[in-house]
Amino acid sequence: MGRELYLYNTLTRSKELFEPVEPPYVGMYVCGPTVYSDSHLGHARPAITYDILYRYLMHLGYKVRYVRNITDVGHLENEADDSGEDRITKKARQENIEPMEVVQRYMNSFHRSMDLLNTLQPSIEPRATGHIVEQQEMISTIIEEGFAYEENGSVYFDVEKYNRSYPYGILSGRVLDEMKANSRVLEGQDEKHSPFDFALWKKASQAHIMKWSSPWSNGFPGWHLECSVMSTKYLGDVFDIHGGGMDLIFPHHECEIAQSTAANGKPSVRYWVHNNMITINGQKMARSLGNFITLDQLFSGNHPLLERAYSPMTIRFFILQAQYRGTVDFSNEALLSASLGLQKLMTAVKTLNSLKGSERSSIDISAIKEKCYEAMSDDLNTPVVLAHLFDGVRMINLVNDGRETLSEADLDDLKELFRTFVFDILGLKEEESSGNDLLSGVVEMVLNMRQEAKARKDWATSDRIRDELLKLGVNVKDRKDGFDWEIKH
RNA sequence: GGUCGGUUGGCCGAGUGGCUAGGCAUCGGUCUGCAAAACCGGGUACGGCGGUUCGAAUCCGCCACCGACCUCCA
């Protein structure tokens, strides 16, 4: 923990020095997906953002407990309409399977995609359905504290009453009185005393499949509750970091704060961190908007908007090229650019490992490392980290071309730098498509024959071999004393 | 309507008062049998209008446009 980390705290709208409650331990909770369909590009953003934060915190020496939930309780598609189906049940009916089968299927799919993106698995991945009892306990506590009321088998959080004891809206910057003045009253919310009240427990209709018995009714917990319950259960009443998408600030996280504060008398979260959205044609990409591209589609290229497939590491690099609090606009051009940039970086890493040290260094590499740490510590500014790494790439290539030299010691430092930042912190990895020995053997045999043709100045044959290989996706790069080759991605 | 954020070159995307961001693309050059790769160099920027300042992409004001949230959403 020799270095300071500054994080942007949504609560104060400023970058703050990160100081855990109980160093060296850090508790981090991140809102995970509702598992009712394939995960999409939008899910990759928080997954990668908090993966980077997790990796960096560990790199700085913290012992991190990273909790990311799975929402597997079916929440209503339209809360104003009690007759509406929940998402998971709807999917189950469409596919004629059990709701829990839906949950399992898409949870598995989410995990596969996350693995491909090389995100580390959370320390704990709690599921809402596994914490029904705890959720009911919290509801009881909130009722006892006087901040919730029961109405016809459902329990609602009393926002007005809460607002008289604690400030409601501190995260999103909303003021209850202004909200009341500016909103129209929706029909169909008769049970609520105020339109801003939200459900802690919802009585289930006859048709509702996912429901549990409770002191109030057969029903299911409100959406906001699971995060309040599972975060504090595993991280303590007060913990360090809570992350999630910006779209969750209101009402989800605002309600979480209200629930936890109502139950414990104090807020639970010290640093609220929010990643921005991925947009497509300038508009938010979301499952609910129907303009999303699933991760599987990106990896396979199987989508009308995709000109080609993009590898998981290309997606990761694409996302890392923007700072997490800015939007990233999807386009084929941007993804293709990311894929080429990534290839340049990874090729340089390979080159680096083959460089030979010299007596002395002709260039100074010492500044890069410190600049990378500075950028990471400045609210995870990964695009700037990459910019500095690309300075290193140029140096690597200069040395490889014999235009500059590096001492053994500097070479070791540079290798260490790239290993640390490219692999450990940014979480990039080699995507070997050239991987098998048979292919390598055949390509090198053909290229050796081409060398012989070149020696005879048989340019026709030599060019033909190179062109044919290129058509097959093998890019040949001649060197003074031989050749390099790589698979084009 | 309310709250919040944004508008940077062909594309993506950093940058908060003077000092080259970076990637991709493009043009010229070096290297090469020719390419590719690499390296060197060039060009095209800071939404508009005012203001503060010796000096503003960077601070202030106004305007325009875009987006997010206000209902489920990563």
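Side chains included, hydrogens not; waters and symmetry mates left out as well; all remaining heavy atoms used. Numbers restart at 1 for each chain; the letters A, B, ... are given by sequence-line order, proteins then strands.
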Under 3.5 Å between N/O atoms: give me all the protein pairs with nucleotides 4-10 of chain B, atom names plus distance.
none

### Query
Which residue lies toward the 5' end of RNA chain B, A/Phe250 or A/Asp478, if each is placed at its nearest nucleotide?
A/Asp478
### Summary
Ranking A/Asp391 and A/Asp329 by the position along RNA chain B of their nearest nucleotide, the one closer to 5' is A/Asp329
### Task
Quick one: do A/Thr12 and A/Glu16 satisfy side chain to side chain donor-acceptor pair (under 3.5 Å)? Show the steps, please.
CA-CA 9 Å; A/Thr12 57; A/Glu16 294 178 5; 2.5 Å; yes
### Query
Reckon A/Gly282 touches a base, only the sugar-phosphate, or nothing at all at heavy-atom distances under 4.0 Å?
sugar-phosphate
### Query
Are any non-hydrogen side-chain atoms of A/Thr327 and A/Ile278 less than 4.5 angstrom apart?
no
### Message
Nearest to the A/Lys454 side chain among B/G33, B/C72, B/A14, which nucleotide is it?
### Response
B/G33
### Task
Compare the ring of A/Trp459 with the six-membered ring in the base of B/G33 and state whether they stack (centres under 5.5 Å, planes under 30°).
yes
### Message
On the side chain of A/Ser462, is there an atom forming a donor-acceptor pair with the base of B/G33 - under 3.5 Å, no angle test?
### Response
yes
### Query
Is any side-chain heavy atom of A/Ser154 less than 4.5 Å from a side-chain heavy atom of A/Trp201?
no
### Message
Is there a side-chain contact between A/Arg308 and A/Leu336 in this structure, where contact means two heavy atoms from C-beta onward sitting under 4.5 Å apart?
### Response
yes
### Query
When all nucleic acid strands are considered with a 4.0 Å heavy-atom cut-off, which category describes A/His252: base, sugar-phosphate, or nothing?
nothing
### Message
In this structure, is the centre-to-centre distance between the rings of A/His193 and A/Tyr156 below 6.0 Å?
### Response
no
### Message
Just so I know, are the side chains of A/Leu389 and A/Cys372 near enough to count as touching, which here means a heavy-atom distance under 4.5 Å?
### Response
yes
### Task
Check every strand shown and say whether A/Gln323 touches a base, only sugar-phosphate, or nothing at a heavy-atom separation below 4.0 Å.
sugar-phosphate
### Query
At under 4.0 Å between heavy atoms, what does A/Asp463 touch on the DNA or RNA strands: base, sugar-phosphate, or nothing?
base
### Query
Want to know the stems of RNA chain B: at least 3 consecutive Watson-Crick or G-U pairs with distances under 3.5 Å, which are they?
B:1-7 with B:64-70, B:10-12 with B:22-24, B:26-30 with B:38-42, B:47-51 with B:59-63
### Query
Does a distance-only test, which skips hydrogens and angles, find a donor-acceptor pair under 3.5 Å between the side chain of A/Arg287 and the base of B/C72?
no
### Task
Would you classify A/Val328 as touching base, sugar-phosphate or nothing, given that sugar-phosphate means primed atoms plus P, OP1 and OP2, and contacts are heavy atoms under 4.0 Å?
sugar-phosphate
### Task
Compute the centroid of each ring, for A/Tyr162 and then for A/Tyr166, and state whether the two points are separated by less than 6.0 Å.
yes
### Query
Which part of the nucleic acid does A/Leu248 contact within heavy-atom distance under 4.0 Å: base, sugar-phosphate only, or nothing?
sugar-phosphate
### Query
How are the rings of A/His242 and A/Tyr29 set relative to one another: parallel (under 30°), tilted (30 to 60°) or perpendicular (over 60°)?
tilted
### Task
Quickly work out the A/Leu340 CG to B/U26 C1' distance and round it to whole Å.
14 Å
### Task
I would like to know whether A/Asp379 and A/Tyr324 meet side chain to side chain donor-acceptor pair (under 3.5 Å); could you show each step before the answer?
CA-CA 9 Å; A/Asp379 200 28; A/Tyr324 75 89; 2.6 Å; yes
### Query
What do the steps show when you test A/Lys350 against A/Glu486 for salt bridge (charged side-chain N to carboxylate O under 4.0 Å, His left out), and what is the final call?
CA-CA 11 Å; A/Lys350 272 190 246 173; A/Glu486 67 187 4; 5.9 Å; no
### Query
Can you tell me if CD on A/Glu95 sees more than 12 non-hydrogen neighbours from other groups inside 6.0 Å?
yes
#### Entry: Separation of the P atoms in B/U30 and B/C54, to the nearest angstrom
49 Å
### Message
Return a single string for nucleotides 38-44 of chain B, one symbol per nucleotide in 5' to 3' order, where B is base contact, S is sugar-phosphate-only contact and - is none, cutoff 4.0 angstrom on heavy atoms.
### Response
BSS----
### Message
Rounding to an integer number of angstrom, what distance separates B/G43 and B/U20 when you compare their P atoms?
### Response
13 Å
### Message
With heavy-atom distances below 4.5 Å as the criterion, would you say the side chains of A/Cys31 and A/His253 are in contact?
### Response
yes
### Within 6.0 angstrom of A/Lys211 NZ, more than 12 heavy atoms from elsewhere
yes
### B/C65 and B/G48, which share atom name C1', separated by this distance in whole Å
10 Å
### Query
A/Met246 near the nucleic acid: base, sugar-phosphate alone, or nothing, with a heavy-atom cut-off under 4.0 Å?
nothing
### Query
Which nucleotide in the list B/G13, B/A21, B/C31 gets nearest to the side chain of A/Ala322?
B/G13
### Query
Taking the P atom of each, how far is B/C66 from B/C60, in whole Å?
24 Å
### Gap in Å between the two P atoms, one belonging to B/A35 and one to B/C46, rounded
37 Å
### Message
Would you say that A/Gln323 contacts A/Asn275 through its side chain, given a criterion of any heavy-atom pair below 4.5 Å between the two side chains?
### Response
no
### Message
Suppose you measure atom C1' in B/A21 against the same atom in B/G13; what distance do you get, rounded to whole Å?
### Response
10 Å
### Query
Contact class for A/Ala286 vs. all strands (heavy atom < 4.0 Å): base, sugar-phosphate, or nothing?
base
#### Entry: Between P of B/G67 and CG of A/Asn275, the distance in whole Å
20 Å
### Task
For A/Leu335, answer base if it contacts any base atom (sugar-phosphate contacts may also be present), sugar-phosphate if it contacts only those atoms, and nothing otherwise; contact means non-hydrogen atoms under 4.0 Å.
nothing
### Nearest-Å distance once atom P is located in both B/C59 and B/G17
8 Å
### Message
Could you tell me how far B/A45 sits from B/U8 if I compare only their P atoms? Round to whole Å.
### Response
14 Å
